[in-house]
There are 4 protein chains.
Amino acid sequence: MMNKSKKESLLQAAKELFGECGYVETTFKKISDKAGVALGLLTHHYGNKEKLFLACGLDVLEHFLKRLRQATSEADSGFDGVMRFCKAYLDFSIDRDSNWLVLVRCSPYSDMKTKTDRDIMDSMFSQVHQELERVIARGIEDGSLVTVDSKSTAQVIISLMVGANRTRVLTPYAMPSLYKDVLDFVARSIKA
Amino acid sequence: MMNKSKKESLLQAAKELFGECGYVETTFKKISDKAGVALGLLTHHYGNKEKLFLACGLDVLEHFLKRLRQATSEADSGFDGVMRFCKAYLDFSIDRDSNWLVLVRCSPYSDMKTKTDRDIMDSMFSQVHQELERVIARGIEDGSLVTVDSKSTAQVIISLMVGANRTRVLTPYAMPSLYKDVLDFVARSIKA
Amino acid sequence: MMNKSKKESLLQAAKELFGECGYVETTFKKISDKAGVALGLLTHHYGNKEKLFLACGLDVLEHFLKRLRQATSEADSGFDGVMRFCKAYLDFSIDRDSNWLVLVRCSPYSDMKTKTDRDIMDSMFSQVHQELERVIARGIEDGSLVTVDSKSTAQVIISLMVGANRTRVLTPYAMPSLYKDVLDFVARSIKA
Amino acid sequence: MMNKSKKESLLQAAKELFGECGYVETTFKKISDKAGVALGLLTHHYGNKEKLFLACGLDVLEHFLKRLRQATSEADSGFDGVMRFCKAYLDFSIDRDSNWLVLVRCSPYSDMKTKTDRDIMDSMFSQVHQELERVIARGIEDGSLVTVDSKSTAQVIISLMVGANRTRVLTPYAMPSLYKDVLDFVARSIKA
DNA sequence: TATGAATGAGATTTCATTCAT
DNA sequence: AATGAATGAAATCTCATTCAT
């Protein structure tokens with residue numbers, strides 16, 4: 001059983017801190033202290049703060065995509081796939097171990113100004129859309145969904161996921177039933 | 001014909017810069033340069049950066065609320081009111097003169113860390129929710145809407161507004177039909 | 001009698017330190033300590049280290065040019081003008097109060113890598129050449145000099161000034177008679 | 001056919017980089033990258049950066065001296081020797097393969113601050129002077145030169161070489177005929 | 001000999017805020 | 001109300017050098 005490498009410690013500490021404190025409030029010192037490594041190792045391994053931030057976001061996104069794909073793979077109809085997708089999305093966002101907040105702050109929907117190769121994040125994130133488009137297309141084919149454009153409907157549903165998630169994890173006034181209500185809202189709108 | 005006062009110039013410049021560049025990238029120097037006034041006037045009039053940021057956000061929010069209220073007041077049914085609310089929300093967000101982006105970065109849905117009296121913004125923003133709850137309640141009463149809980153449905157719909165808006169103004173991949181699709185999506189889900 | 005302003009103190013301290021320690025070894029801290037002002041005032045007034053360096057060099061260059069022009073203006077022949085020019089050049093370089101070394105490190109003949117608007121320094125320095133070209137041209141006309149091309153001869157003589165000066169102020173082995181020998185060398189080469 | 005040893009690759013890369021970028025801008029990483037060897041080999045073989053810099057300079061100086069000595073050895077008079085010396089000096093400085101710039105930045109005439117055993121460089125460089133003194137002495141003896149002090153005249157002529165060379169390789173405004181003009185200037189000044 | 005991860009002191013630069021005028 | 005010089009804490013990033021492998 002190997003210990004985590006210092007590079008990995010750094011990434012883990014960064015994910016937690018970027019998520020909790022945001023980009024600006026997270027400093028090199030905080031990260032290296034938390035990871036228990038030297039300050040300079042950060043640039044040695046990751047180049048600069050922005051690149052580390054991106055690495056954190058992509059790491060979370062990778063796990064996120066895995067979870068979404070697993071969820072849709074278990075669906076027995078297009079409609080079921082959409083619902084599983086939405087549930088998996090929302091569940092992942094409140095999983096304590098997922099470091100979801102980093103992705104919130106780093107995703108294309110964030111209001112942060114990044115000079116970062118935002119393109120990389122954009123193109124990776126588009127896979128989330130593709131996954132949903134796929135199940136919507138299936139649902140239209142198998143008759144479990146109303147007839148809509150799959151691409152634009154995916155964009156609407158993901159917009160709702162984004163907004164609901166932000167309501168829950170960022171605002172102080174989300175109702176306990178929010179995620180359930182959201183699923184009902186989606187179901188009513190697209191069920192055949 | 002009075003010229004704008006220096007205090008007002010400052011607020012206007014700040015709204016534009018906070019919106020365009022974000023909180024961190026917007027500096028006192030940039031603001032005072034753009035406004036064409038002395039640096040020191042900023043703290044003199046607004047206390048500190050956070051307070052100015054809040055003032056910008058509240059200023060936009062005020063106009064936003066006015067627009068929403070006018071929209072709902074013209075409705076001839078609850079359902080119509082909801083649709084008018086949503087349309088007004090989305091229209092305002094792409095109005096060139098509304099300085100919407102400041103509010104995006106300052107609202108409870110922002111991923112920024114603020115020490116600011118976030119409470120003030122939260123409580124002001126809750127009026128947006130109340131406005132929507134009101135028309136939903138009316139729609140349930142007048143039979144134009146499905147029977148749902150007005151408070152939680154308002155939260156879902158506003159979540160969708162938030163997400164759709166972010167898709168449009170922050171990401172590079174929003175489809176041209178997004179706002180229209182969103183309205184259709186809402187209508188399908190709640191129309192009686 | 002006003003005291004020197006903080007901006008002026010900064011420039012004076014910088015001239016001394018850049019001259020004595022070189023660009024790299026001169027730090028913001030050393031400069032602000034020596035000038036007795038706050039660290040941040042440096043960028044406030046001069047933008048950045050490079051610009052301050054340039055300001056130092058140009059300040060010395062300005063005094064240098066004044067001295068050269070005065071020297072040539074007193075000449076009673078072209079040949080005399082050239083000799084006065086050379087003497088003034090060399091004298092200025094060992095004047096304790098001239099902060100000559102900054103200019104050595106900042107001039108077009110320096111081996112430092114500068115991103116600085118080197119162009120500004122180059123074009124200012126070309127005035128030194130022009131001044132010498134003028135007296136050479138006069139000497140050819142009045143018959144006190146051999147017939148040569150004034151522009152290229154100026155370049156040769158200034159090359160000799162540059163080299164002799166570096167020998168004197170940078171190397172440990174300059175002979176005491178160097179400057180005198182240089183003047184003799186020039187006289188032999190160009191006297192009619 | 002042996003390949004260059006890693007130690008030699010390192011020296012070659014260092015000569016090019018120190019010459020092109022200067023001492024400060026040249027980093028261990030750049031050197032090891034360019035040489036295609038491990039970072040740690042640098043200190044392993046050369047101790048530290050300063051020592052490597054000196055090694056580079058001395059390597060170039062060695063070739064330089066060889067060239068100068070060959071040039072003077074072919075002279076058929078003292079005057080001819082001086083002219084050959086000067087020509088060889090200037091030619092070497094624009095030989096693409098000589099890595100001359102390292103020596104410019106490392107020589108006693110450089111404006112860099114070095115903690116390096118500057119003494120070593122100084123004493124090696126004095127051999128350049130000695131070589132010129134020798135031919136000047138010969139020229140006085142054989143009557144091909146004016147009667148001057150050989151040591152101090154050597155210093156003047158080398159000053160001119162230094163300055164002319166810097167004009168050519170460091171400034172943007174050297175005239176094409178500069179090196180030729182310099183040789184003429186010297187000839188006029190010392191020919192018997 | 002060879003590698004490159006690891007260290008941490010130190011440099012430059014930014015900028016909100018203060019304050020004398 | 002208005003100005004902008006002045007402050008200094010804090011952040012990011014660099015890089016020679018060390019050292020375990």
Side-chain angles (χ1 to χ4, degrees), chain A residues 5-7 9-10 23-33 35-53, chain B residues 5-7 9-10 23-33 35-53, chain C residues 5-7 9-10 23-33 35-53, chain D residues 5-7 9-10 23-33 35-53:
Chain A
S5 76
K6 303 216 168 187
K7 188 174 177 182
S9 305
L10 226 28
Y23 183 79
V24 180
E25 304 283 302
T26 299
T27 65
F28 277 41
K29 184 148 184 8
K30 278 185 190 170
I31 299 173
S32 56
D33 277 358
V37 305
L39 198 65
L41 209 53
L42 214 154
T43 38
H44 179 65
H45 281 307
Y46 292 98
N48 61 33
K49 194 181 175 183
E50 289 256 336
K51 282 182 190 155
L52 175 59
F53 187 51
Chain B
S5 77
K6 304 214 167 184
K7 188 173 176 183
S9 304
L10 233 23
Y23 183 79
V24 180
E25 305 280 300
T26 299
T27 65
F28 275 40
K29 182 145 188 4
K30 279 186 190 169
I31 299 173
S32 56
D33 278 356
V37 305
L39 192 67
L41 268 193
L42 232 154
T43 38
H44 182 67
H45 282 308
Y46 292 97
N48 62 31
K49 195 181 178 184
E50 290 258 336
K51 282 180 191 156
L52 174 60
F53 187 50
Chain C
S5 77
K6 303 216 168 186
K7 188 173 177 183
S9 306
L10 226 28
Y23 184 78
V24 180
E25 304 282 304
T26 299
T27 65
F28 277 44
K29 186 151 184 4
K30 278 185 190 169
I31 299 173
S32 57
D33 278 356
V37 306
L39 199 63
L41 209 53
L42 214 153
T43 38
H44 179 66
H45 280 309
Y46 291 97
N48 61 30
K49 195 181 175 182
E50 289 256 337
K51 281 181 190 154
L52 175 59
F53 186 51
Chain D
S5 77
K6 303 212 167 185
K7 189 174 175 181
S9 304
L10 232 24
Y23 182 79
V24 180
E25 303 281 298
T26 299
T27 65
F28 276 39
K29 182 146 188 3
K30 278 185 189 168
I31 298 173
S32 57
D33 278 357
V37 305
L39 192 68
L41 269 194
L42 232 154
T43 38
H44 182 67
H45 281 307
Y46 292 97
N48 62 31
K49 195 180 176 183
E50 290 258 337
K51 282 180 189 155
L52 174 60
F53 187 50

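All chains are named by letter (A, B, ...) in the order of the sequence lines, taking the proteins before the strands, and each is independently numbered beginning at 1. Atoms considered below: every heavy atom in the structure, side chains included; atoms not considered: hydrogens, waters and symmetry mates.
Distance B:Phe53 CZ to E:dA16 P: 13 Å, rounded to the nearest Å. The interatomic distance linking D:Lys30 (NZ) with F:dC15 (C1') rounds to 12 Å, in whole Å. Protein atom CD of D:Glu25 is 14 Å distant from nucleotide atom C1' of E:dA11, rounded to whole Å. Put simply, CG on B:Leu10 is 13 Å from P on E:dA16, counting in whole angstrom units. What separates CG of B:Leu42 from C1' of E:dC19 is a distance of 16 Å, to the nearest Å. Taking atom NZ of A:Lys29 as the reference point, atom P of E:dG8 lies 11 Å away to the nearest angstrom. Separating the OH atom of C:Tyr46 from the P atom of F:dA5 is a distance of 12 Å, rounded to the nearest angstrom. Nucleotide F:dT17 holds its P atom 10 Å from the CG atom of D:Leu52, rounded to whole Å.
Residue contacts for D:His44: at a heavy-atom cut-off of 4.0 Å it reaches a base atom on one of the strands shown. Across all strands shown, C:Ser32 has no heavy atoms under 4.0 Å from either base or sugar-phosphate atoms.
Ranked by how close their nearest DNA chain F nucleotide is to the 5' end, B:Leu41 and C:Leu39 are led by B:Leu41. The residue among B:Gly47 and D:Lys6 whose nearest nucleotide of DNA chain E lies closer to the 5′ end is D:Lys6. Nearest-nucleotide assignment on DNA chain F puts the 5′-proximal partner with C:Gly36, out of D:Asn48 and C:Gly36.
Residue A:His45 places none of its side-chain N or O atoms closer than 4.0 Å to OP1 or OP2 of E:dG4.
Among the nucleotides E:dT13, F:dT17, E:dG4, the one closest to the side chain of C:Phe28 is E:dT13. Set against E:dA2, F:dC13, E:dT17, the side chain of A:Thr43 has F:dC13 as its closest nucleotide. Among the nucleotides F:dT17, E:dT12, F:dT3, the one closest to any side-chain atom of B:Val37 is F:dT3.
Applying side chain to side chain contact (heavy atoms under 4.5 Å, CB included) to D:Phe28 and the options D:Asp33, D:Leu41, D:Thr43 leaves one that passes, D:Thr43.
Although no hydrogens or angles enter the test, the distance criterion places no donor-acceptor pair under 3.5 Å between the side chain of B:Lys6 and the main chain of B:Ala35.
E:dG10: Watson-Crick or G-U partner is F:dC13, with both key distances under 3.5 Å. Across all strands shown, F:dT3 is found opposite E:dA20 as a Watson-Crick or G-U wobble partner, with both distances under 3.5 Å.
The closest side-chain heavy-atom distance from C:Lys7 to C:Leu10 is not below 4.5 Å.
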Please lay out, stage by stage, how B:Leu39 and B:Ile31 fare under the test side-chain contact (heavy atoms from CB on, under 4.5 Å). CA-CA 8 Å; B:Leu39 192 67; B:Ile31 299 173; over 6 Å; no

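Few gaps surround NZ on B:Lys30; more than 12 heavy atoms of other groups in view lie less than 6.0 Å from it.
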